[in-house]
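One structure is given below, encoded as structure tokens.
Being a predicted model, the structure only gives us computed values, none of them experimental. Worth knowing before you read on, the calculation uses all heavy atoms, side chains too, and leaves out hydrogens, waters and symmetry mates. Lettering of chains follows the sequences in order, A, B, ..., and the numbering in each one begins at 1.
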Amino acid sequence: MKGCTILLRQVVSDWIIDGRLSSQSFRPFKEDTLSTYDGDMISSEEAYLHYTNVLKNKSAGVYGVTCDEVVEQKLQIIEDREPYEEHISINFHDVSKNGRKSKSRKLASYAFERGSLYAP
Amino acid sequence: MEESTEYEDEVELYGRVRALDKSNKTFRFHYIEGGKEKRVYANLDNMYESLIFNALEEEDDQKVFIRGTGNFENRQLQRIEMIDDFRLLDSRDIQFRLSDLKNLEDGWFENQGIAPSTEKLTKLSELFDLYYTEDEPLPYIYPTLDGNLELEWTINNVELILEIDLSSLIGNLLIIKGDKDSEYSLDLNFPSGWNELNDILKGVC
């Protein structure tokens, strides 16, 4: 992956108000890692279809941040490729609760500025 | 003799105007109840006619509030007979949003995600109504996966995230200015907690 590779993230409608994304959209809940799709391997639409049709989750749209933007937040990118080939994790391990909020807010703002990459 | 199940009662509804029937002097109002969209017809009131027209013409999904008298049958609202108050709302109206969140169901995010308590949302609505200063910017109100809320503001390049535990009504406010952040604990059970929140927001604006 390159610095400009976009990591695709699905966002539920409850976390979008007037197009603005909740910082929670880019923050892991109980886990240490945030799941994304490798934008070099799968299109936004395909990622949406996989997330909703195969994984049976709800999504209001696909948003993304670049690898450079993730690294800028001093977060590690893990090319785990599991449970599916396009799966990439953003690692929040060892980041404090406030740090997670702060970094996720920044990532959500980058994604918001980039705009929706796919909406059904 | 069978007891009548028809009655009139006051209604307060948050929703959207969807259609107008000028010849019958009615409009169709859509609102969410129990997670489902409901439709009801309302009599077009002369006093609020222009506002109702505006609500329908707005392209960006104008949210409205209606208070009036409804006609019920078997506990189901059949029609809004009379309108006592009709308001066009900001897209981030706090009362609309908190009312809307009552329709969230468990499993709303990746089959996890607890729905916030309806009772606690009502309590928080009352507190916002009483103590949140109207001239402060409206927050973006998002549900959290553990059944609580996070409110966010972006003001003058400052990010504010207020996590509210709905059970205790204790708020944890994080203020992020560039690389620095500061944290406040706010007890929203008491006016002092709201005053502190209002003062902090005023200081950032």
Side-chain angles (χ1 to χ4, degrees), chain A residues 9-31 33-37 47-48 50-61 63 72-75 83-84 87 95-113 119, chain B residues 32 35 60-61 63 89-94 96-98 100-116 137-154 157-163 172-185:
Chain A
R9 175 80 182 154
Q10 309 289 332
V11 182
V12 286
S13 60
D14 305 288
W15 283 347
I16 308 172
I17 300 173
D18 292 350
R20 185 191 190 272
L21 307 179
S22 163
S23 56
Q24 296 173 88
S25 315
F26 283 83
R27 189 193 317 155
F29 179 47
K30 285 180 178 165
E31 310 80 11
T33 55
L34 186 80
S35 290
T36 66
Y37 289 86
Y48 172 84
H50 177 264
Y51 187 76
T52 55
N53 292 346
V54 179
L55 302 182
K56 307 285 184 196
N57 292 315
K58 290 177 192 165
S59 170
Y63 291 79
E72 180 197 278
Q73 293 306 307
K74 299 184 172 60
L75 295 169
Y84 41 89
H87 190 273
V95 180
S96 67
K97 189 180 177 189
N98 285 350
R100 288 182 182 218
K101 285 182 181 173
S102 175
K103 290 173 192 294
S104 61
R105 180 62 260 157
K106 193 68 190 170
L107 293 178
S109 296
Y110 279 135
F112 166 65
E113 285 162 19
Chain B
I32 306 289
D60 58 349
D61 213 16
K63 295 169 179 171
L89 303 176
D90 189 284
S91 61
R92 277 154 45 205
D93 183 86
I94 293 170
F96 187 104
R97 181 60 174 157
L98 293 176
D100 202 32
L101 286 169
K102 291 176 183 172
N103 295 298
L104 209 57
E105 293 177 342
D106 284 345
W108 55 271
F109 176 84
E110 295 187 353
N111 297 316
Q112 46 177 329
I114 300 167
L138 295 173
Y140 295 88
I141 303 177
Y142 304 108
T144 66
L145 296 180
D146 57 2
N148 292 306
L149 298 181
E150 270 191 14
L151 282 60
E152 297 190 10
W153 296 259
T154 303
N157 292 322
V158 178
E159 302 285 355
L160 299 98
I161 302 176
L162 173 62
E163 188 179 340
N172 177 273
L173 177 65
L174 179 67
I175 303 177
I176 308 159
K177 288 182 191 172
D179 292 337
K180 294 179 181 172
D181 57 50
S182 47
E183 195 178 9
Y184 296 82
S185 180

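Only the side chain of A/K97 comes within contact range of chain B, judged by heavy atoms closer than 4.5 Å. Contacts between A/D14 and chain B at a heavy-atom distance below 4.5 Å involve backbone atoms as well as side-chain atoms. Only the side chain of A/S109 comes within contact range of chain B, judged by heavy atoms closer than 4.5 Å. The part of B/L104 that comes within reach of chain A is its side chain, from C-beta onward, which places non-hydrogen atoms under 4.5 angstrom from that chain. The contact between B/D146 and chain A is made by backbone and side chain atoms together, counting heavy-atom distances below 4.5 Å. Contacts between B/L145 and chain A at a heavy-atom distance below 4.5 Å involve backbone atoms as well as side-chain atoms. With a threshold of 4.5 angstrom between heavy atoms, A/R20 approaches chain B through its backbone and through its side chain. Heavy-atom distances place the side chain of B/E159, and not its backbone, under 4.5 Å from chain A. Looking at A/K56, the atoms closer than 4.5 Å to chain B (heavy atoms on both sides) all sit in the backbone: N, CA, C or O.
Between the CG atom of B/D90 and the CG atom of A/D18 there is a distance of 7.5 Å, given to the nearest 0.5 Å. Within the model, atoms CD1 of B/I32 and CZ of B/F96 stand 8.0 Å from one another, a figure rounded to the nearest 0.5 Å.
No more than 12 heavy-atom neighbours from other residues, nucleotides or ligands sit within 6.0 angstrom of CG on B/N157.
Between A/Q10 and A/Y37, some side-chain heavy-atom pair lies under the 4.5 Å cut-off.
Under the 6.0 Å cut-off for aromatic ring centres, A/Y63 and A/F26 do not qualify, their centroids lying 6.0 Å or more apart.
Residues passing the side-chain hydrogen bond (donor to acceptor under 3.5 Å, both in side chains) test with B/Y140, sequence neighbours excluded: B/R92. Taking the side chain to side chain contact (heavy atoms under 4.5 Å, CB included) definition, one finds that A/K58 meets it with nothing, sequence neighbours left out.
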